[in-house]
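FYI, the numbering just counts along the sequence from 1.
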Amino acid sequence: MHRPLLLATLLATALSSPLTHAEPPLPRSPGQPYAAGNLADRIVLTPGADAATQMAVSFRTDLRQDRAVLEFGPALAGPQVVAKARQLSGSSRRLDAENGPSLYHQVRLDGLSPDTAYAYRVQGSAGWSEWHQFRTASRTFAPFSFIYLGDTQNGILEVASRSIRQALRSVARPALVVHAGDLVASRDDLAHDDEWGEWNQAGAWAYAAIPQLVAVGNHEYLDDLLPDGSESRTLGAHFPAQFALPRNGAEGVTETSYVSDYQGVRFVVLDGTSALDLGTLEAQTRWLENALQSSQARWNIVVMHQPIYTCARPEDSEPLKAAWQPLFERHGVDLVLQGHDHCYSRLTHVAGRAATRQALRNQQAIGPVYMVSVTGSKMYGLNDRAHSQPDRSAEDTQLYQTISVAQNRLSVRAYSADDRLYDAFDIQRDASGHKTLHEPDLATPTERYCTRNAGPDGLPCSARDK
């Protein structure tokens, strides 16, 4: 049935039938046909545990394409890519959602050559996708840049896509895109399948060509009522179908925690929601210590959803802070990328920005820098500490971050969605391993805060208290 006719039928049925549910159905994405079709869509590339030799591809088709089929080969300078391609197969799973049934397919690419360009395409029931091209990481350290995005979650296609696309335009050759979780809302905005359709549309072909390193957020989980009446959470079916992650994480959390080594950087991805609500804190803590202790990487970056230090909520995530922050400190984590708070915060010293200023003047050693950011439209107001504890903060502001990795320096730049540099800092390491913070002399605006009901853009403040 065509979508307009289907919608008209559903509307007529709704008007002629009594309401049988206490809650109205979730709204749909206006005018967007997100049902699976006869060509593959939602194509996403993810890095393996060793991004020099492993990648993975996930994609969606209608039910007629009942096998995961991918053609893959070296990227050529000429147009005859298919001549050197070979066919690979993978696994498939059915997912029944608001837009009807579909099959999600995953194909893992192993035994790749480091620092090599490859091309692939995937099969739908009516034919092949376009060719997508990616490059594996180098075997040893080499400089690269990546993009970091906080929560997209709400207004994904309408509003968050602007930040995503500005980020992609800002870096000539991003090696990765790192997401801090809550890619979708999955509870309060749209039909869940529409949200994932919007997320894929917002990044489009870039998600198929640039490896996406994703953390899971609390909104990728669904509320679940247990037989005894208590509440729990269940990982939504879309997340493990949409992302073919390395599955080398903590026991009981292998779908959402993992390590990926990329060109001299170890990315350690944690699942704070499962740790807080599903009893996996101890298992993840043991695994985290091993992942950091065994790291041979030049830089260690942790990606997690719930922040160690909040910029919006009254209280920090105390169980996570108590279990994980000592490990970050002990094992020399350089940067912790987080979301969840829908505000911006860059924090170096728990004692506050005055301590950071002193450390800058005296070239004192620093531990991890904790960053919180937001990409989408939902905004939270800053808490009382956010004006003095972080080195810099913001509310009512969409942002994206670019991070350049060099042998002895991580250069982090935060941009607002209108392409203005908002924050800039470097983590520098000398030959002895001594790490210091450096703030380059670059023009940045005054910090963006709401004043009473007035936002920093001269409009009513959209940030709400948490």
Indicate whether the side chain of [X] and that of [Y] have a donor and an acceptor atom separated by less than 3.5 Å.
X: Thr280; Y: Ser274; result: yes
X: Ser462; Y: Asp396; result: yes
X: Arg448; Y: Thr397; result: yes
X: Tyr309; Y: Gln325; result: yes
X: His105; Y: Ser92; result: yes
X: His238; Y: Asp193; result: yes
X: Arg385; Y: Ser393; result: no
X: Gln166; Y: Arg169; result: yes
X: Tyr258; Y: Asp271; result: no
X: Thr273; Y: Gln306; result: yes

Say you draw a straight line from [atom1] of [X] to [atom2] of [Y]; how long is it, rounded to the nearest 0.5 Å?
X: Thr46; Y: Met55; atom1: OG1; atom2: CE; result: 8.5 Å
X: Thr140; Y: Arg298; atom1: OG1; atom2: CZ; result: 13.0 Å
X: Leu382; Y: Lys466; atom1: CG; atom2: NZ; result: 14.5 Å
X: Tyr221; Y: Ser232; atom1: OH; atom2: OG; result: 9.5 Å
X: Cys343; Y: Lys378; atom1: SG; atom2: NZ; result: 12.5 Å
X: Gln284; Y: Met304; atom1: CD; atom2: CE; result: 9.0 Å

Under the ring pair (Phe, Tyr, Trp, His ring centres under 6.0 Å) rule, collect the residues that match up with [X], sequence neighbours excluded.
X: Tyr118; value: Phe72, Phe134
X: Tyr148; value: none
X: Phe328; value: none
X: Tyr120; value: His132

- Message: Taking the ring centre of each residue, are Trp199 and Phe243 less than 6.0 Å apart?
- Response: yes
- Are Phe144 and Tyr262 an aromatic pair by the rule of ring centers under 6.0 Å? yes
Expected output: side-chain [X] to main-chain [Y] donor-acceptor under 3.5 Å:
X: Ser377; Y: Asn154; answer: yes
X: Ser170; Y: Ala167; answer: yes
X: Thr136; Y: Thr116; answer: yes
X: Gln212; Y: Ile210; answer: yes
X: Gln263; Y: Phe141; answer: no
X: Asn383; Y: Arg313; answer: yes

- Message: Quick test of your reading: applying side chain to side chain donor-acceptor pair (under 3.5 Å), list the pairs with at least one residue in residues 200-209, sequence neighbours left out, ordered by first then second residue.
- Response: Tyr34-Gln201, Asn200-Gln242
- Apply the side-chain contact (heavy atoms from CB on, under 4.5 Å) test between Leu270 and each candidate in Leu320, Val336, Leu288, Val303; give the one that qualifies. Leu288
- Could you tell me how the ring of His342 sits relative to the ring of Tyr380: parallel (under 30°), tilted (30 to 60°) or perpendicular (over 60°)? tilted
Note: [X]-[Y] ion pair, threshold 4.0 Å (strictly below):
X: Arg346; Y: Glu439; result: yes
X: Glu289; Y: Arg330; result: yes
X: Glu447; Y: Arg353; result: yes

- Item | Step-by-step side-chain hydrogen bond (donor to acceptor under 3.5 Å, both in side chains) determination, Arg266 to Ser294 | CA-CA 10 Å; Arg266 169 155 286 192; Ser294 63; 3.2 Å; yes
- Message: Before you tell me yes or no, could you show the steps for Val184 and Phe239 under side-chain contact (heavy atoms from CB on, under 4.5 Å), namely the whole-Å CA-CA distance, both residues' side-chain angles and the distance that decides it to 0.1 Å?
- Response: CA-CA 10 Å; Val184 297; Phe239 189 87; over 6 Å; no
What donor-acceptor contacts under 3.5 angstrom involve side-chain atoms of residues 409-417, with partners at least two apart or in another chain?
| unit_1 | atom_1 | unit_2 | atom_2 | d |
| --- | --- | --- | --- | --- |
| Arg409 | NE | Gln428 | OE1 | 3.3 |
| Arg409 | NH2 | Gln428 | OE1 | 2.6 |
| Ser411 | OG | Asp426 | OD1 | 3.2 |
| Arg413 | NH1 | Phe425 | O | 3.2 |
| Arg413 | NH1 | Asp426 | OD1 | 3.0 |
| Arg413 | NH2 | Asp426 | OD1 | 3.3 |
| Ser416 | OG | Asp418 | OD1 | 2.5 |
| Ser416 | OG | Arg420 | O | 3.3 |

